[in-house]
Amino acid sequence: MKNKKLWGGRFQAETHADVDEFLASVQVDQALAQDDITGSIAHAAMLAHCGIITQEEYDILQNGLLAVKKDIDAGEAKFTIADEDVHMNIERMLTEKVGEVAGKLHTARSRNDQVALDVHLYLRREVLTIIDLLNQLRSVLIQKAAEHEQVILPGYTHLQRAQPIRLAHHFLAYAAMFERDAIRLKNNWAQINISPLGAAALAGSSFKTDPAYTAKLLGFDGTYANSLDAVSDRDFMVEFLSCASLIMMHLSRFSEELILWSSQEFAFIQLDDAYCTGSSIMPQKKNPDVPELMRGKTGRVYGDLISLLTTLKGLPLAYNKDMQEDKEPLFDAVKTVKASLAIFAPLIETLKINADKMQKAVKDGFLNATDLADDLAKAGMPFREAHRVSGEMVAHCIQKNCY
Ligand code: ARG
């Protein structure tokens with residue numbers, strides 16, 4: 001044999017070692033190992049159900065795959081670049097466990113529908129975790145709003161004091177954003193929960209398979225209607241990254257306010273010591289590093305979205321190797337959003353509110369000028385005139401230096 005790769009039959013030489021290294025994705029996609037095994041067991045069950053392999057062969061494959069899973073869980077599995085990606089590494093490990101019959105597992109399947117399946121399985125789980133984290137954060141915000149129901153502070157437009165509002169009103173605005181984020185992810189989940197298995201490389205398979213059977217075993221709502229679409233669709237990932245970007249944008253806006261509000265200039269809040277850091281030179285400093293870094297990490301999640309969109313924009317149907325680049329941005333965004341939401345909830349929970357500073361800020365700056373104009377208008381003056389009268393009173397007070 002001139003090329004010992006799983007696909008080496010038509011090759012006259014081994015691939016160059018640098019090429020192996022360049023093409024390999026196992027360093028990244030081994031995070032999909034558990035999902036790959038879950039998918040493979042379901043695929044083998046379908047092959048047995050359709051009479052393509054025997055029940056005995058299925059039993060051997062299932063036990064072998066579970067043994068591989070055990071090794072991976074125990075950290076004893078050896079992933080190698082020579083086997084390129086998680087799929088071929090696991091197939092090699094399975095061969096080591098059960099011998100030749102391992103070669104039957106890949107019947108009526110390609111790595112193209114296999115990798116698509118793995119990311120569907122992975123993302124539908126992660127999306128549920130993120131929805132959970134969003135709900136936890138919403139609970140904290142609702143709780144905090146209830147605790148500080150009576151606290152009044154200036155509401156701002158253009159970062160200029162505008163009208164008095166309740167702190168609860170402000171917090172609940174963010175709760176509303178995170179509620180929309182959760183709804184968006186729920187819709188995203190419905191797009192994710194469809195099985196691509198059965199599409200094989202792109203055109204389905206000449207075996208009489210039953211894609212609906214695997215879909216049902218794996219808890220999917222259905223299968224893709226078109227096999228070309230099944231292996232080349234990454235829309236659900238783009239949608240996820242877009243949802244992730246919105247979550248980060250909301251966290252970033254909130255972070256920006258926490259940073260401003262904890263400055264001495266505002267002094268509306270104090271972040272708990274457990275969520276701040278000091279300076280290596282200035283002993284008095286207490287820096288809001290957590291919200292700052294969250295604002296910073298927002299950029300990287302936007303980058304993940306743009307990275308995937310750019311990867312996909314020029315791709316002809318169906319699978320192209322470019323698509324291997326989908327995983328790093330996906331995993332990065334999942335990790336970043338989870339970590340950000342998980343730390344934001346306790347950050348808010350432990351926040352100290354300086355109600356007197358907020359109250360004082362409401363008293364300066366003529367925040368009742370709109371109410372005065374409204375009252376005059378209610379008494380019969382046209383609103384435009386009432387606005388002018390109220391504005392002139394503000395100008396008069398400023399001139400007389402009486403606030
Ligand atoms: N490692 C590949 C990926 O992540 C798996 C699919 C490879 N398919 C292929 N025909 N080269 O996209």
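Small disclaimer: the values here were computed from a predicted structure and weren't measured. Read the numbers this way: they start at 1 and go in the same order the structure lists the ligands and their atoms. The basis for the numbers below is simple: all heavy atoms, side chains too, and nothing from hydrogens, waters or symmetry mates.
Between F236 and H120, the ring center distance clears the sub-6.0 Å criterion.
No salt bridge links E179 with R184; every basic N to acidic carboxylate O contact stays at or beyond 4.0 Å. Salt bridge annotation for K5-D83: absent, with no cationic side-chain nitrogen under 4.0 angstrom from a carboxylate oxygen. Using a cut-off of 4.0 Å between Lys/Arg side-chain N and Asp/Glu carboxylate O, R253 and E257 are scored as not salt-bridged.
A cation-pi contact links R124 to F220, judged by a cut-off of 6.0 Å to the six-membered ring centre and 45° from its axis.
Listed by number with element, the atoms of ligand 1 under 4.0 Å from a non-hydrogen atom of S25 are 1 (N). Of all atoms in ligand 1, numbered sequentially from 1 with element shown, those under 4.0 Å from a heavy atom of Q324 are 1 (N), 2 (C), 3 (C), 4 (O), 12 (O). Near D85, meaning under 4.0 Å from one of its heavy atoms, ligand 1 places the atoms 1 (N), 2 (C), 5 (C). Remark: ligand 1 atoms within the under-4.0 Å shell around heavy atoms of K327 are 3 (C), 4 (O), 12 (O).
Ranking the protein heavy atoms by distance from atom 11 (N) of ligand 1 puts R111 NH2, 3.6 Å first. When only non-hydrogen protein atoms are considered, atom 10 (N) of ligand 1 lies nearest to N112 OD1, 3.2 Å. Counting only heavy atoms of the protein, atom 12 (O) of ligand 1 lies nearest to Y319 OH, 2.5 Å.
One side chain, S40 or R109, offers a donor N or O that lies under 3.5 Å from an acceptor on the other.
Below 3.5 Å of separation, one finds no N or O of K321 facing any N or O of ligand 1.
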